[in-house]
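Structure, as structure tokens:
Every chain is numbered from 1, with letters handed out A, B, ... down the list of sequences.
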Protein chains: 2
Amino acid sequence: MGTSRNQTAVTLAQVAEAAGVGESTVSRVLRNHGSYSGKTRDRVMTAVERLGYVPNRIAGTLASTGSRLVAFVIPSLSNIVFADVLRGAGATLEEHQFQAVFAVTDYDPAREEALVASMLAWRPAAVMLAGYEHTERTFKMLRAANCRVVEMLDVDGTALDLAVGFSNRAAGRASAEFLLKRGYRRIGYVGHDLDRDTRAGKRYSSFCETLSANGVPLADREIYREASSVERGRLGLDLLLARTPDLDAVYFSNDDMALGGYFHCLALGIVIPSQLAIFGYNGLDLGQVMPQALSTIRTPRVATGQLAAKLIADNAPSQVIDLGFELIEGATA
Amino acid sequence: MGTSRNQTAVTLAQVAEAAGVGESTVSRVLRNHGSYSGKTRDRVMTAVERLGYVPNRIAGTLASTGSRLVAFVIPSLSNIVFADVLRGAGATLEEHQFQAVFAVTDYDPAREEALVASMLAWRPAAVMLAGYEHTERTFKMLRAANCRVVEMLDVDGTALDLAVGFSNRAAGRASAEFLLKRGYRRIGYVGHDLDRDTRAGKRYSSFCETLSANGVPLADREIYREASSVERGRLGLDLLLARTPDLDAVYFSNDDMALGGYFHCLALGIVIPSQLAIFGYNGLDLGQVMPQALSTIRTPRVATGQLAAKLIADNAPSQVIDLGFELIEGATA
DNA sequence: CCATAAAATGGTAGCGCTGCCAAAAAAACT
DNA sequence: AGTTTTTTTGGCAGCGCTACCATTTTATGG
């Protein structure tokens, strides 16, 4: 044992005693709730300072009705998307004295289910999830729980309570329409695990449908059953081109994958976009710093987090908010 | 209000009543602690299932002595470094039934202080921080608190309790020695806010000292007072080269910045490494997928998180663990 | 079959705080 | 000075659970 553990922490009762006032008075002063005189406040604060009192929020939450915890159950932390959402939510939650708790599902619905159960044990004020796809038991728990639910980053489906995001289907369609408009006709796809990342799956199917509807079916595709990464993007494009060399454009499941594809082209001297066009998804800053700005779709990730937090703070009524997205006509497609 | 809120949740007492056993029996069964018969367990579990009981961990934590919360107070979520650390810690903590809570400081010591105070109110089992540099009051609170403290990602200094990481000074030195060994003599630096990111500051000063000690002082530098980013790296190199065109190598504060520099060279046709060498820090996967693998230092970020969590789970005695790092002799320097 | 050990169970006092209510003190009117 | 109103204050019952102890039940042994 390194430092001084196992000492019993200072309690509110001790502060009350030291200040010569009642417990409820200390509680009122500390929460600035109810009325108390100036001299009482001073005495309490002096005692707090002197004893180094730190209120015990565990006890506070148990005693009062509502908790100030917000539970995030997100697919991944490596994916900058969720980091952005958390960042957006962070500031707003803090302002309203909420505390964020989180857990990572690795895109696994079963793990999500287990983690939601575990989170609900903390009686959070809200549970924030990614997307609409959850297990039956997850839905059941969430409905039974006495808390708000925000499903983020998607609006294609039926929300449980609140939802903030944008349409992945519309994004897939917009991407396809853009490539068609630019005249590409031999279009391929390089993606990652679609079963687990259902939002990427929605983009993909909508992308394909749009192509087909325009008489230009998807020429080929290369899909990894793993998480997305720059490396996977590069390998994926390599395999795809080996099989179907005459492609004139490739749609990637996201910007990371697209960057990998871009690197592959650079390494092999494939000229972009004349020999091969590249299109991504997310609109990361990184893509816009490339020698040729990446053509992609910019999604309001930080705004999603901010709004989600705001809705919880304001105890807004159930609703679905579509924040939209922006297509960036970069230089790679 | 969308869903069914404000219903009172099922309590342990209700489960006990429904199962026809005492409260303590239910508690024992649920925690698999103490002894109980098979038929009792079945009756309890049936009641739990039927009522949809979810244990209230707030109450549980208050009643028992030690909490199972681990508080992470980290500088940033956008920086993949911390995401990696959290990812590493996540699995281990979960195994041991710990729950992670986190807050982001944006590299601001004052915010760190406020957040540590706020975190301590949850009476966590441990507080995980980045580095050794904290405000006086932060140190004081941490010492007074009845919890473990892990300072991560640095070992150059005096630890409060536990520390897991690697030496940023040694990394700076190794980078300088590598560039010198390769024969570079006109070496520049492109970095970000060194006052706030003290670990980057340590690398920088150690890098400079090593150069000087070898009679090759730093030729020039370009330092932004903001967070690191690919874009800043690109702009930084642009400015640096405009001022000092004869540089033959540039040391970047991290891989993101270096990637920006790489993009800048690609865009301007600067040949790497013959015209200009580039060296980064972190060893992100991304850097190794570039057409030319980035020369950099790979840091054990995930391992840092894992070990930090393990030490907490095992209630290990105070100690400092240096996980070391690996210099990647890529193709850019 | 009784003594003794072991296993299973229930009762209940808190954990530290908040919310409610009643009481006391101060202020504002007659 | 005597009321009435308003502001401050303290007491105390929980919040839902766990830890401890006492008690009952079951198993073991001679």
Exercise. First and last nucleotide of DNA chain D touching chain B, 5' to 3', heavy-atom cut-off 4.0 Å?
Worked result: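 The contacted stretch runs from dG16(D) to dA19(D).
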Problem set entry | Angle of first-five versus last-five pair axes in the helix from dC1(C)-dG30(D) to dT30(C)-dA1(D), to 10 degrees |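 Answer rounded to 10°: the end axes differ by 30°.
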Exercise. What does nucleotides 17-24 of chain C look like as a protein-contact string, B for base, S for sugar-phosphate only, - for none, at under 4.0 angstrom between heavy atoms?
Worked result: BSB-----
Residue pairs fulfilling salt bridge (charged side-chain N to carboxylate O under 4.0 Å, His left out) with at least one residue in [range], sequence neighbours excluded:
{"range": "residues 23-35 of chain B", "value": "none"}
{"range": "residues 77-88 of chain B", "value": "Asp84(B)-Arg87(B), Asp84(B)-Arg301(B)"}
{"range": "residues 47-65 of chain A", "value": "none"}
{"range": "residues 88-114 of chain A", "value": "Glu94(A)-Arg111(B), Arg111(A)-Glu94(B), Glu113(A)-Arg137(A)"}

For this session: Find the distance Asn146(B):CG to dC15(C):C1' and express it as a whole number of Å.
Result: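 In whole Å, dC15(C) C1' and Asn146(B) CG are 14 Å from each other.
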Exercise. Rounded to whole angstroms, how far apart are OH on Tyr36(B) and C1' on dG10(C)?
Worked result: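 Value for this atom pair: 17 Å.
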Exercise. Between Asn146(A) and Arg123(A), does any side-chain donor sit less than 3.5 Å from a side-chain acceptor?
Worked result: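 Result is no, nothing qualifies.
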Exercise. Considering residues at least two apart in sequence or located in another chain, which fulfil the side chain to side chain donor-acceptor pair (under 3.5 Å) criterion with Tyr53(A)?
Worked result: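 For Tyr53(A), no residue satisfies side chain to side chain donor-acceptor pair (under 3.5 Å) once neighbours in sequence are set aside.
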Problem set entry | Which residues share a side chain to side chain donor-acceptor pair (under 3.5 Å) with Thr105(A), sequence neighbours left out |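 Per chain and number, Thr105(A) pairs via side chain to side chain donor-acceptor pair (under 3.5 Å) with no residue.
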Exercise. Is the count of non-hydrogen atoms from other residues, nucleotides or ligands lying under 6.0 Å from Glu133(B) atom CD greater than 12?
Worked result: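 Yes, the 6.0 Å shell around CD holds more than 12 heavy atoms from other groups.
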Under 3.5 Å, which donor-acceptor pairs link side chains of residues 303-311 of chain A to any protein atom two or more places apart or in another chain?
residue: Thr304(A); atom: OG1; partner: Pro300(A); partner atom: O; Å: 2.6
residue: Lys310(A); atom: NZ; partner: Asp314(A); partner atom: OD2; Å: 2.6

Problem set entry | Residues which pass ring-ring contact (aromatic ring centres under 6.0 Å, His included) with Tyr132(B), listed by chain and number, not counting sequence neighbours |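 Per chain and number, Tyr132(B) pairs via ring-ring contact (aromatic ring centres under 6.0 Å, His included) with no residue.
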Exercise. Reckon Ser37(B) has a side-chain N or O less than 4.0 Å from the OP1 or OP2 of dA8(C)?
Worked result: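 No, no such contact exists.
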Which atom of [X] lies closest to which atom of [Y], heavy atoms considered:
{"X": "Leu62(B)", "Y": "Ala59(A)", "value": "CD1-CB, 3.8 Å"}
{"X": "Glu151(A)", "Y": "Phe139(A)", "value": "OE2-CE2, 4.4 Å"}
{"X": "Val149(B)", "Y": "Leu142(B)", "value": "CG2-CG, 3.8 Å"}

Listed pairs, N/O of protein and of nucleotides 25-28 of chain C, under 3.5 Å:
none

